[in-house]
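Some notes on the structure that comes next.
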Amino acid sequence: MMFLEFFIWGAWFVTLGTFLGTNLKASGAETAAVFSTQSWGAIIAPFIIGLIADRYFNAERILGVLHLVGAFLMYQMYQSSDLSSFYIYVFSYMVLYMPTLALVNSVAFNQMKDPEKEFSSIRVWGTIGWIVAGLSISYVFHWDSVESLANGMLKNTFLLAGIAALVLGLLSFTLPATPPKVSDEKIKIGDIIGLDALKLLKDKNFAVFFISSILICIPLAFYYQNANPFLTESGLENPTGKMAIGQISEALFLLLIPVFFTKYGFKKTILVGMLAWAIRYALFAYGNGGELSFMLIVGIALHGICYDFFFVSGQIYTNSKAGDKYKSAAQGLITLATYGVGMLIGFAVAGWITDNYKTATGTINWEMVWIIPAGIALAVFVLFALTFNDKNKTEVSH
């Protein structure tokens, strides 16, 4: 289940920016609008989960239905030849896909006696799924080679994702029963989006962390939206397969977080994550697909530090601050703030910057496109370093 869940996402989302530019001739702003569907999905997902999944239906059945409809939408995306119809399908798809991320976790947790110990060894299969999808596109099908791109072959990624969605949709009905958490309490919208957790913002340190989380999503959006088109244009061979290095590093650094956290505390861990964003984009700005291609590879490999040291340690910190009463509300609020609000702003900024640094011939000044998010990441780093005061080291549970 985990393998397929993330194989599906990795099979089309990584190359989406390149597909939009080459197949549908989308501008930076149009590309940003398509990527923003992920944020809208993240904003709408809690309502689907909170109002329907947690109350009326078994999680595995909803998972099955969402992926079967998703498979149909993927096929429509594969067939689309113009941006307006493609947008409708991708928007519908993201609204249905984002809730499945919480559903697979529910199904998994429901089978575990000790989730803290067992979950990571199950979740790592999701990362493996994402890696296999990227390697398949570059090394098995060669859809991202210069020749294949010219022939519009990248649209096959949607077919690949659609087949995987069909398989997972059918498999879901065979998964162990995960009944709804039946509750007679009246449901409040505030509960769904984690409004109760807003009380945590009275704590100055949590407020600083919260604002920094939103701001760091601006550089993150640049990576999702521009990395694959940039690597393709820079002449790096098998760009999608090489981007899988980022997921491999993510899996490795995940194991290092408890060690780092215990030794250096939350503030230093998160600052290392922020600094890694600035370094990565500086490497992208000055590297190339030729003799400096090692700079691009190192930039991709930093993904583990960039992502894990910020987002995963942020989840651990949020958990420790929230206490039992607000745990899920706080995680919901952080997800809404980052994947919802932060990424929406980020995609819009990334699209605007990309359009503004297009030359008269239509090529993009990639150096500037990467220097700007590097500057933003550095600014967030300084802001956090000066204003966050971590007196008592946050404990991490092993």
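Along the sequence shown, the residues carry numbers beginning at 1.
Here the two rings, on Phe13 and Phe35, have centers that are under 6.0 Å apart.
Side chain of Ser138 to main chain of Gly241: a donor-acceptor pair is present (N/O by atom type, distance under 3.5 Å, no hydrogens or angles). Remark: the backbone N or O of Thr18 is not paired with any side-chain donor or acceptor of Thr15 at under 3.5 angstrom. Side-chain atoms of Gln331 come within 3.5 Å of backbone atoms of Gln315 as a donor-acceptor pair (strictly under, hydrogens ignored). Judged purely by atom type and a 3.5 angstrom limit, Thr174 has no side-chain atom pairing as donor or acceptor with the backbone of Leu170. Lys267 places a side-chain N or O within 3.5 Å of a backbone atom of Ala385 that can act as its donor or acceptor partner. Counting only distance, with no hydrogens or angles, the side chain of Asn228 and the backbone of Gly17 share no donor-acceptor pair below 3.5 Å. Side chain of Asn23 to main chain of Leu20: no donor-acceptor pair is present (N/O by atom type, distance under 3.5 Å, no hydrogens or angles). The main-chain N or O of Val146 is never found under 3.5 Å from a side-chain atom of Ser148 such that the two would form a donor-acceptor pair. For Glu60 (side chain) and Thr178 (main-chain N/O), a donor-acceptor pair under 3.5 Å exists by modelled atom type.
Applying the side-chain contact (heavy atoms from CB on, under 4.5 Å) rule to Leu292 yields the partners Asn288, Phe294, Met295; only residues at least two apart in sequence or on another chain are considered. Evaluation of the ring-ring contact (aromatic ring centres under 6.0 Å, His included) rule for Phe388 yields Phe266, Tyr317, Phe384 as partners, not counting sequence neighbours. Every residue two or more places apart in sequence or in another chain that forms a side-chain contact (heavy atoms from CB on, under 4.5 Å) with Ala108 is listed here: Met1, Met2, Met112, Phe119. Applying the side-chain contact (heavy atoms from CB on, under 4.5 Å) rule to Ser293 yields the partners Leu236; only residues at least two apart in sequence or on another chain are considered. In this structure, Phe210 has no ring-ring contact (aromatic ring centres under 6.0 Å, His included) partners at least two apart in sequence or on a different chain. A search for ring-ring contact (aromatic ring centres under 6.0 Å, His included) contacts involving Phe141 returns Trp143, not counting sequence neighbours. Judged as a salt bridge (charged side-chain N to carboxylate O under 4.0 Å, His left out), and not counting sequence neighbours, Lys204 has no contacts. In terms of the salt bridge (charged side-chain N to carboxylate O under 4.0 Å, His left out) criterion, Asp82 has no residue partners (sequence neighbours excluded). Among residues two or more places apart in sequence or in another chain, the side-chain contact (heavy atoms from CB on, under 4.5 Å) test is passed with Leu101 by Glu5, Phe6, Trp9, Tyr97, Met98.
Taking CZ from Phe309 and CG from Leu254, the interatomic distance works out to 10.0 Å, rounded to the nearest 0.5 Å. One finds the CD1 atom of Ile131 at 11.5 Å from the OG atom of Ser136 (value rounded to the nearest 0.5 Å). How far CD1 of Ile137 is from OG of Ser145: 12.5 Å, rounded to the nearest 0.5 Å. In this structure, CD1 on Ile334 lies 9.5 Å from CZ on Phe311, to the nearest 0.5 angstrom. A distance of 11.0 Å separates CG in Asn58 from CG in Leu175, rounded to the nearest 0.5 Å. With values rounded to the nearest 0.5 angstrom, Gln225 atom CD is found 6.0 Å from Thr354 atom OG1.
Minimum interatomic distance between Glu118 and Ser121 (heavy atoms only, all atoms of both residues): O-OG, 2.8 Å. Nearest heavy-atom pair across Phe347 and Ala32 is O-CB, 3.1 Å. Nearest heavy-atom pair across Ile214 and Ala337 is CG1-O, 3.6 Å. Minimum interatomic distance between Phe261 and Ser313 (heavy atoms only, all atoms of both residues): CE1-CB, 3.2 Å.
Note that Lys155 lies in the cation-pi zone of Tyr78, set by a 6.0 Å cut-off to the ring centre and a 45° limit from the axis. Cation-pi contact between Arg280 and Tyr223: present, with separation from the ring centre below 6.0 Å and deviation from the ring axis of at most 45°.
Within the 4.5 Å cutoff, the side chain of Ile364 has no heavy atoms near those of the Phe230 side chain. The shortest distance between side-chain heavy atoms of Leu135 and Val140 does not fall below 4.5 Å. Contact annotation: the side chain of Phe381 never approaches that of Ile376 to less than 4.5 Å [non-hydrogen atoms, C-beta and beyond]. Leu200 is not listed as a side-chain neighbour of Asp203, based on a closest heavy-atom distance of 4.5 Å or more. Using a 4.5 Å cut-off on side-chain heavy atoms (C-beta onward), Leu159 and Met74 make no contact. Within the 4.5 Å cutoff, no side-chain heavy atoms of Asp144 are placed close to those of Thr232. Using a 4.5 Å heavy-atom cutoff, the side chains of Phe47 and Ile52 are not in contact. Using a 4.5 Å heavy-atom threshold, the side chains of Leu66 and Pro99 count as touching.
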Do Leu256 and Asp308 pass the side chain to side chain contact (heavy atoms under 4.5 Å, CB included) test, and can you show the C-alpha distance, the side-chain angles, and the key distance before you say yes or no? CA-CA 9 Å; Leu256 288 176; Asp308 291 341; over 6 Å; no
Decide yes or no on side chain to side chain contact (heavy atoms under 4.5 Å, CB included) for Tyr357 and Ile372, but give the supporting numbers first. CA-CA 11 Å; Tyr357 285 99; Ile372 291 168; 3.6 Å; yes
Would Ile218 and Val380 count as a side chain to side chain contact (heavy atoms under 4.5 Å, CB included) here? Give the steps. CA-CA 10 Å; Ile218 299 174; Val380 180; over 6 Å; no
Between Ser92 and Val95, does a side chain to side chain contact (heavy atoms under 4.5 Å, CB included) hold up when you go through it step by step? CA-CA 5 Å; Ser92 311; Val95 168; 5.9 Å; no
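Ring orientation note: the planes of Phe260 and Tyr264 are tilted relative to one another, at an angle of 30° to 60°.
Annotation: salt bridge (charged side-chain N to carboxylate O under 4.0 Å, His left out) contacts involving residues 333-361, sequence neighbours excluded, comprise Asp355-Lys358. Listed by first and then second residue, the side-chain hydrogen bond (donor to acceptor under 3.5 Å, both in side chains) pairs involving residues 362-373 are Glu233-Trp366, Thr359-Thr363, Thr361-Thr363 (not counting sequence neighbours). Applying the side-chain hydrogen bond (donor to acceptor under 3.5 Å, both in side chains) test to residues at least two apart or on different chains, the pairs with a partner in residues 333-353 are Tyr307-Tyr339.
Of the candidates Phe158, Tyr93, Trp12, Phe158 is the only one forming a ring pair (Phe, Tyr, Trp, His ring centres under 6.0 Å) with Phe86.
No more than 12 heavy atoms of other residues, nucleotides or ligands shown are found within 6.0 angstrom of CZ on Arg61. Under a cut-off of 6.0 angstrom, the local environment of CD in Gln111 is crowded, with over 12 non-hydrogen atoms contributed by other residues, nucleotides or ligands. Residue Lys268 places its NZ atom among 12 or fewer non-hydrogen atoms of other residues, nucleotides or ligands, all under 6.0 Å distant.
Side-chain heavy atoms closer than 4.5 Å link hydrophobic residues (I, L, V, M, F, W, Y) into clusters, and following such links, even through other members, never connects Tyr139 to Phe7.
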